[in-house]
Amino acid sequence: MTEDMSRYPLRLEGDDVPMVRFQNVTKRYGPLVVLDQLDLDVSPGEMVTIIGPSGSGKTTVLRMLMTLETINGGVIYVDGEPLTHVERNGQLVPANSKHVRRIRTKIGMCFQHFNLFPHMTALGNCMEGPVQVLGLSRREAEERSLELLDMVGMAEKRDEHPSRLSGGQQQRVAIARALAMRPKVMLFDEVTSALDPEVISEVTNVIRHLVGAHHLTMLMVTHQMGFAKEISDRVCFFYNGAIEEQGTPTKLFENPERERTKQFLNAVLDAN
Amino acid sequence: MTYIEFLQVHGGRMADGTVLTVVQFLLATVVAVAVAVLFGLMRLSRNPAIRGAATVYVEIFRGTSLLIQLFWIFFVLPIFGLNLDKFVAGFLAVGLNMGAYGAELVRGAILSVPTGQWEAAVALNMTSRKRMWRVILPQAFVIMLPPWGNLVIEILKGTALVALISVTDLMFEIRQINISTFMSVQAFGTALIVYYVLARFFVTPVMRALEHFMSRRIGRA
């Protein structure tokens with residue numbers, strides 16, 4: 001059960017330190033292996049999309065990085081430092097909550113079902129993190145939040161509660177809320193899956209804008225192959241808890257090598 | 001003696017008793033809410049000792065009679081050196097007892113806040129304390145208000161027992177009047193009406209208004 005931690009570096013150093021590294025990461029639910037010894041690097045500023053059939057472990061990748069799931073083996077590094085572990089006497093040991101909170105400031109996440117706080121307005125949702133977690137003054141937090149709400153086209157709805165907003169509007173507020181924490185890594189977990197088809201572009205346009213304008217590192221799980229192909233630097237196809245195939249969108253979508261990738265893409269493209 | 005005359009003679013005492021009943025009720029409610037939040041949170045603690053202590057508390061106060069708890073607090077605790085004024089013992093016993101029921105309401109409501117809300121709070125890197133006070137409890141509060149409406153009425157009715165340790169509340173005065181006049185129908189009939197009016201025309205509307213107000217604050221109405 002106890003893993004030999006000596007083969008994991010205490011921190012990543014050098015010229016091309018990845019923003020995110022999964023090294024030999026395993027996730028189990030009881031006897032079920034969800035992710036099997038995953039190795040995945042994401043470079044600073046890179047947009048990586050994860051596709052694959054349901055149950056392939058793709059959402060689990062994001063949830064582990066957001067620390068919503070614990071891991072059963074391996075180490076996750078963020079910005080060169082271990083997230084899941086901390087150094088003690090020259091060895092990596094499982095991280096305490098203080099360490100996790102320090103590293104977690106670099107990560108933001110948007111969810112399939114938005115998860116806005118229903119008792120706060122759009123503006124209140126965006127200000128909550130900056131005020132309560134980062135300790136900004138209300139004035140600074142409001143300024144920052146309004147700028148982001150404006151960027152996602154939701155400035156006019158600043159005083160509305162989430163229950164008065166459509167799905168697409170809620171998701172845009174949720175993106176602004178996550179960005180208000182100034183993360184280095186943004187995670188998008190099927191952010192368009194719960195939306196009506198006609199409002200999906202409201203959200204994809206915002207993400208498109210982020211790709212163009214920010215030096216954010218992004219990881220996205222999606223079922224929208226067209227969008228993935230258009231904006232990703234790299235696409236990873238997950239199958240059965242492992243990366244079956246990865247590459248540039250052009251290569252993966254137009255010249256997949258693996259049989260399972262072809263089958264999956266055929267099935268998905270048929271359905272559309 | 002007509003009922004009108006009965007009220008003219010004894011109305012003053014009954015009014016005084018009613019005031020004391022209301023005061024006992026309000027203080028017992030404050031105690032119950034504090035106890036409920038405290039033990040409801042403890043029941044959800046990751047620490048097994050804290051969780052266990054809360055479970056023992058809830059089991060003892062739910063599993064034994066309020067009257068016995070009242071007598072314990074007023075008659076038995078002094079033997080162990082803890083003397084409480086009868087007025088304090090009264091609302092304390094009712095509050096501690098009802099708070100045990102309230103703790104289960106708090107616990108249940110916290111658990112029924114959708115997991116997505118907990119996860120969003122983690123994603124914003126909140127401490128577990130901020131997550132509870134800023135995100136979870138405000139939503140749990142709205143969820144648990146309707147069952148609290150029931151419990152608050154129970155608290156009001158429960159205060160009638162404090163008459164048995166000679167707190168001069170409405171029930172105490174009614175019994176005194178009954179003993180001295182033998183007009184049981186008028187005496188206990190009046191008690192019935194007063195408790196009903198307090199519950200139906202004061203407690204229930206206040207709880208409804210609170211529910212309505214909180215739903216609006218959460219943006220549901």
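Throughout, protein chains are lettered first and strands after them, A, B, ... in sequence-line order, and every chain is numbered starting at 1.
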Chain B heavy atoms under 4.5 Å from Leu134(A): which part of the residue, side chain, backbone, both or neither? neither

Is any NZ, NE, NH1 or NH2 atom of the basic residue among Lys157(B) and Glu154(B) found under 4.0 Å from an Asp or Glu carboxylate oxygen of the other? yes

N-O pairing of Arg172(A) and Glu202(A) below 4.0 Å: yes

How far apart are the closest heavy atoms of Thr159(B) and Val94(B), and which atoms are they? CA-CG2, 4.1 Å

Turns out that what part of Phe117(A) lies under 4.5 Å from chain B's heavy atoms comes down to both

For Lys157(A) versus Ala122(A), what's the shortest heavy-atom pair and its separation? O-CB, 3.5 Å

Please state whether the side chain, the backbone, both or neither of Thr115(B) comes within less than 4.5 Å of a heavy atom of chain A. neither

If one checks every heavy atom of Ile107(A) against chain B at 4.5 Å, the contacting part turns out to be backbone

Between Met66(A), Met109(A), Gln132(A), which residue shows the highest count of heavy-atom pairs closer than 4.5 Å to chain B? Gln132(A)

Taking C-beta and beyond as the side chain, do Met42(B) and Tyr57(B) meet within less than 4.5 Å on heavy atoms? no

Arg63(A), part contacting chain B, at a heavy-atom distance under 4.5 Å: side chain

